[in-house]
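We name chains A, B, ... by the order of the sequence lines, and we start the count at 1 in each one.
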Number of protein chains: 2
Amino acid sequence: MSRTWVDEIKFDAQGLVPAVIQDAVSKEVLMVAYMNREALLKTLRTGKAHFYSRSRRRIWLKGETSGHFQRVRGVALDCDGDTLLLKVTQTGGACHAGYRSCFYRRLDAERDWKVVGRKLFDPDKVYRGLTPKGQTPSGSRR
Amino acid sequence: MSRTWVDEIKFDAQGLVPAVIQDAVSKEVLMVAYMNREALLKTLRTGKAHFYSRSRRRIWLKGETSGHFQRVRGVALDCDGDTLLLKVTQTGGACHAGYRSCFYRRLDAERDWKVVGRKLFDPDKVYRGLTPKGQTPSGSRR
């Protein structure tokens with residue numbers, strides 16, 4: 001069989017590759033999560049971002065609980081072939097803590113993490129009683 | 001000793017954290033590389049991005065060979081504390097293959113990686129005879 005586009009991607013020893021998720025319009029970096037081959041293929045087939053959860057050890061559809069899906073507009077690969085960049089249209093907020101972007105804390109001049117993001121939703125309401133097994137609303141390792 | 005801002009960062013088993021590098025003005029995602037604690041502290045002390053090379057097993061100053069430094073404008077941390085986002089002013093190109101961004105290939109409708117980036121410099125000229133030991137100009141694992 002000849003080499004295909006998937007073979008250009010260097011998945012790590014765990015079969016994963018990090019994916020940077022960027023808002024296609026505002027260009028804000030929303031999050032970084034991990035994909036295995038299956039998550040990537042599902043993403044392309046459905047047009048909605050799927051990732052592999054390292055803590056839950058399964059594929060998840062981003063937005064499956066919150067409804068905050070990511071419609072994929074483009075997929076780029078870096079020079080080393082070991083990182084993906086996805087441009088998406090984000091529904092609601094990407095962050096399970098209620099922010100548009102997971103990168104809502106910025107190091108300030110006093111060397112402290114300062115919240116600079118604006119809260120879009122109340123995670124207690126969005127995830128109440130719906131938190132997938134093994135995931136804590138206060139932040140599990142994705 | 002009390003908890004400091006560094007303790008909020010969850011370095012992995014190898015002591016590393018991925019850092020997404022974004023152009024502070026154009027918001028283009030330029031690259032993803034890894035930092036250990038020392039690389040991050042050097043970055044903050046000097047204002048220039050330093051990373052940890054997994055293949056060369058040492059700290060490197062981005063631009064040490066090419067002169068294509070990254071002046072850091074801001075550092076953000078994600079909700080899980082396991083990924084950094086740095087906004088930078090990039091001199092020249094971030095990619096050792098000669099492009100502004102390492103994500104210069106995009107998956108097209110025919111499921112093929114198509115070069116969409118514009119080449120800014122000739123890597124053979126910039127890195128000729130100056131390639132650090134263990135690094136190949138055609139792309140080593142960072």
inquiry  = If the contact rule is any heavy atom under 4.5 Å from chain B, which residues of residues 36-43 of chain A qualify, in numerical order?
reply    = none

message = For a quick test of reading the model, state the closest non-hydrogen atom pair linking D78(A) to R105(B) and the distance between them.
response = O-NH2, 2.6 Å

Give the cluster check for [X] versus [Y]: same hydrophobic cluster or not, with ILVMFWY residues linked at side-chain heavy-atom distances below 4.5 Å.
| X | Y | answer |
| --- | --- | --- |
| Y104(B) | L30(B) | no |
| M31(A) | L61(A) | no |
| Y127(B) | L120(B) | yes |
| V6(B) | L44(B) | yes |
| V17(B) | V72(B) | yes |

Can you find a heavy atom in the side chain of [X] that is under 4.5 Å from one in the side chain of [Y]?
| X | Y | result |
| --- | --- | --- |
| C79(B) | C102(A) | yes |
| T83(B) | F103(A) | yes |
| L107(A) | W5(B) | yes |

request  = Sort out for me which of K27(A), E8(A), R111(A) touches chain B most, counting heavy-atom pairs under 4.5 Å.
outcome  = R111(A)

inquiry  = Between S26(A) and chain B, with a heavy-atom cut-off of 4.5 Å, which part of the residue counts as in contact: side chain, backbone, both or neither?
reply    = backbone

I9(B) and W113(A): CA distance, side-chain angles, deciding distance, side chain to side chain contact (heavy atoms under 4.5 Å, CB included) verdict = CA-CA 10 Å; I9(B) 304 170; W113(A) 297 109; 4.1 Å; yes

query = Is chain A contacted by the side chain of V20(B), its backbone, both, or neither, given a heavy-atom distance below 4.5 Å?
reply = side chain

inquiry  = Does this structure show an ion pair linking D82(B) with R54(A), if we count only N-O contacts that are shorter than 4.0 Å?
reply    = yes

remark   = Assert top hit (heavy-atom pairs under 4.5 Å, partner chain A, pool D112(B), L77(B), L85(B), V75(B)) equals L77(B)

request  = Using atom types as modelled and distance alone, determine if a side-chain donor or acceptor of Q22(B) lies under 3.5 Å from a backbone N or O of E28(A).
outcome  = no

